[in-house]
Amino acid sequence: MDDSLRGLRQALAAGFIDAATFDALAAAIGGGARQAAVSGAGAVAQGAGDALGAGAVKIGGDHSGAIIRTQIVSNYYGTAGSDPAGKRLLASQVGAYLAWLQERTQSIELRGIERSGASPVVALPLDTAYVPLRARSLRPPDESGGDARMRQSRRHVAGEADDASGGDPSTGDANDLALSEVLALGNRLAIIGGPGCGKTTVLLHIAWALASSLLAGDAEPARSRLGLRLVPADLPLPIFVPLASFARHRRHLPAGAPARERTLAHFISHHLISREAPFELPDDFFVRLLNEGNNVLLLLDGLDEVANEGERAEVRQSVENLVGGRRAMRVVVTCRTIAWRSGGTALGGDFRQIDVQPLDYDEHVVPMVRQAYACIHPQDSVRRNERSEDLLAGIVRLEADRRRRLGEGAPRLVDSPLLVRLLLIVHLNNRTLPEQRADLFDKAINALLQVDYGHDETDKRELSLDWMLYRDMAQHLAFHMHRQGADQGREIEEPALRAILRGEAEFLPRIDDFLRQARQRGSVLEERDGAYRFLHLALQEFLVARYLSEVIGRESRERMLDFVAGRLMDPWWREPILLLAGHQATHAARSARELLRALAVAGDDADARFAAAELAATAASEWRESGEPLRADCARRIVTLLDDADALAGARAVLRARAGDRLSQLGDPRFDPQRFFLPADEMLGFVRIAADPEFVIGTRSADRGRVARIAGGEVYDDEINELPTPTREFHIARYAVTVAQFRAFVAATGHAIGDADALADPDSRPVRLVSWHEALAWCDWLNGMLATSPALAGSRVAALVREQGWRVALPSELEWEKAARGGLRGAVFPWGDDADADDGDGRRANHEGSAIGDTSVVGCFAANARGLHDMAGNVWEWTRSLWGTDPGRPDFAYPYEFDDPRREDLRAGDEVRRVLRGGSWGFHRDSARCGIRGRLPPGSRLDYIGFRVVLRSSPILPL
């Protein structure tokens, strides 16, 4: 009883109950007969009356409100036993916890908004300002096949698993949904996404909705906001925990600390009761609650924010230890994508992955902006409509300009809640939006720093010096933190922070003020449990870029470039390098151009040279005023590297693919826009393949074992052949047909393509999602252009069509394989018999083992001996050859007879499959062999199927 009264007195002192409630509960402890209501923020109701006001918690009577939850908790928690007074006390304490949690999660803060006579922080109520985001749900590996999602066998395009509907096996079990619906997907969820995508806000929203429903004893807002179809008594108790704080807790434990103090359950209890929350639950309340595991929802934020990989692995193991064997416990973890995909971070197979998708303008950005301005100007509808429409129009202009510079397929700039919030801050303070990301961050940081000071005109000069000094301190700190690397550079403890700032004499008098500002206001830096971090990694990255420009660059451009050149291959430094170029572009355009030209040719090895060229090209693409000469220089540099056999052999495939995409955005000089984006040479990219009286298509039976052993896969019966097939002369395209080439056809003819996404990739990637019939239509169009277009009249290819009757067509599989082998008789792959790596370091072709995970710009892999690119990998390629006349049987096995009318009948119906060749980006290395054959119905449209063409002298059957 003494403990109960002590708890009541503490609750009264903390303001969680009023005097009347204290008296009522104290009397209940003595006699157990009186009923009362405890209010978190609302009023008190007696007996069977209703609780009044928001957040009221009712005890006794019909047990509505949080008493429903607390009685369930107390039943299996056990401390209160059968003592009604103990249960009522526990009810008041849990109600106080829920009221505290609701208050901490009820708003989204916009810091840095300059408002005369008002707080520099705008708090947007979560219940009106939160917009459910879009996500993609992926089942854990044990449900969807794990690695098999992307390890496709030849059979997906060659027989048993054919699907004429065009489904995409690369996506596995995935579907789009609103993040407000995620809790219905299971008890183990991992929300994964990029920086600033809204992961933490999702957890705050879940905590707020559950706390609000439990306090009110009502299914709302948990039902409509979270998709939980539960009565209030069955709603889980939310517990929000930052995992970085748990890691710090473990790090500072003495060596001899009891093992239980290292557990996540112990930390949660310590964190919530001893350090954070002003309520008086028993010390072991959360430990016992978590050990039971029922009716609890753990919200574990920021697995990626744990300082280093070693600690992340330990924290991950602690999470798995806690949830192991407790199937009823609900757990949601958030993590940045890049950290989740690293070796030791991802949680076990029973966690379902939820990938946060980029914002949709109409579905997310528009309501976010409108709801934010409705909260900022609640009494002035004209002003809020005017300001929101002005900001939305500015966003549309930003995105349109970006597409003009980077291409229609360029990712959106405003694709995350972070960007929307920064735009709001800058728009409110400046009335206009900057055109560059670096300028946006610059203005946002300036606003965040300046609004912490008043605007007394007599003291304006001194105050402006203050915030600029704080900006210098922030960028100095950001740079030295970032130099610690991805594992250690995200947060810093106070002694180390002070040591860094003491390195500059001018900072010494203001260090205490700088830290006080971080603790009390947040500003650009915030304090969490004695450690400091920037509000967002993007702000840290920009401040690093500013330091490189303003401090290192002030000494000399060469020193700045040397520093950057030493970090070209480190993903941790990619954003600072790009933001460095953006910052210089805004403040010193000439220096920025000189920097990018020097960066484009930097690098000591093949990997670094491709990385440098790609970074320079990306920066030039994003800078609207970079100028055509600079963009052309960057494009030519990438082409030079792609033409360098040593560079191609030495550089990782993912770096070449990334550089290829930048080349496409800049304008690929390998292709002539005046000639329908065909290759810019006199043969328009066609390569002559001489006649061969002894060519053997397929695989000899004697070579079957050798080929299977080299390729690491199966050799199928339908590719076995012993007899030669004489081939005639023909020409074949050096590259697969590209997106730009196919778009020229659509623009010229108005052809209604079956899937608009066929034109969504960068221009120089192979077109995909096209059916066999659409490939034929492109051939017919190009034939007409070669025969009639003045733009093509001077080419040798046009002369062959106009003067000798040659025709563009899809290749037969005989022609395709003859070209693919590159004159190497019996070669397993287009480059020979050396198998490419299959472990993420494949460099010879874009197959699953190259780790690109998508199509790549044509020519990113070395050509075969005939100068043909991507004859293996990238996309499977349609041929004109029939698999057979009967859909169920491979009638046309080998030997192959050139121009056999049965094999190349263009009139065969859609029920008869056509042959595909070459493998693709999502398939295993063994599908990139010269001899392997695939088959699909001609109406199929898949994201791993494209085509290339031939020019041949003999008629295309049927006549």
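None of these values were measured; they are calculated from a predicted model.
The pair R631-E628 meets the salt-bridge criterion, with a side-chain N (NZ, NE, NH1 or NH2) lying under 4.0 Å from an Asp/Glu carboxylate O. At a threshold of 4.0 Å, the pair R765-D661 counts as salt-bridged, since one of the basic side-chain nitrogens sits closer than that to a carboxylate oxygen. A salt bridge links D607 with R652: at least one charged nitrogen is closer than 4.0 Å to a carboxylate oxygen. A salt bridge links R636 with D633: the closest approach of a Lys/Arg side-chain nitrogen to an acidic carboxylate oxygen falls below 4.0 angstrom. Ion pair R662/E614 flagged as a salt bridge, since at least one NZ, NE, NH1 or NH2 atom sits closer than 4.0 Å to an Asp/Glu carboxylate oxygen.
Looking at heavy atoms from C-beta onward, M368 lies in side-chain contact with L133 at the 4.5 angstrom threshold. By the 4.5 Å heavy-atom criterion applied to side chains, H482 and E541 are counted as neighbours. Side chains of V857 and R670 form a contact here, defined as non-hydrogen atoms less than 4.5 Å apart. D943 places a side-chain heavy atom less than 4.5 Å from the side chain of W921.
Taking the six-membered ring where tryptophan is involved, the planes of F542 and H583 are perpendicular, since the angle between them exceeds 60° and thus also 30°.
Going from atom CD of E491 over to atom OH of Y532 covers 12.0 Å, rounded to the nearest 0.5 Å. Atom CG of D472 is separated from atom CD of E504 by 9.5 Å, given to the nearest 0.5 angstrom. Going from atom CG of D646 over to atom CZ of R609 covers 8.5 Å, rounded to the nearest 0.5 Å.
No side-chain donor-acceptor contact under 3.5 Å links D439 and T586. No side-chain N or O of E622 forms a donor-acceptor pair with one of T618 less than 3.5 Å apart. Side-chain N/O atoms of H869 and N874 include no donor and acceptor closer than 3.5 Å. S664 and D763 share no donor-acceptor pair across their side chains, judged by distance under 3.5 Å alone.
Annotation: cation-pi pair R658/F610 absent, no NZ/CZ under 6.0 Å from the ring centroid and within 45° of its normal.
Heavy atoms of other residues, nucleotides or ligands lying less than 6.0 angstrom from CG of D841 number more than 12.
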Carefully, step by step, assess L648 and F861 under the rule side-chain contact (heavy atoms from CB on, under 4.5 Å).
-> CA-CA 7 Å; L648 287 177; F861 293 84; over 6 Å; no
Report the C-alpha separation of D668 and T738 in whole Å, then their side-chain angles, then the decisive distance to 0.1 Å, and conclude whether the side-chain contact (heavy atoms from CB on, under 4.5 Å) test is met.
-> CA-CA 12 Å; D668 193 336; T738 67; over 6 Å; no
Quick one: do Q475 and F479 satisfy side-chain contact (heavy atoms from CB on, under 4.5 Å)? Show the steps, please.
-> CA-CA 6 Å; Q475 72 186 29; F479 175 75; over 6 Å; no
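S549 places no side-chain N or O within donor-acceptor distance of the main-chain N or O of R546, the cut-off being under 3.5 Å.
Side-chain rings of F507 and F514 stay apart, their centers remaining 6.0 Å or farther from each other.
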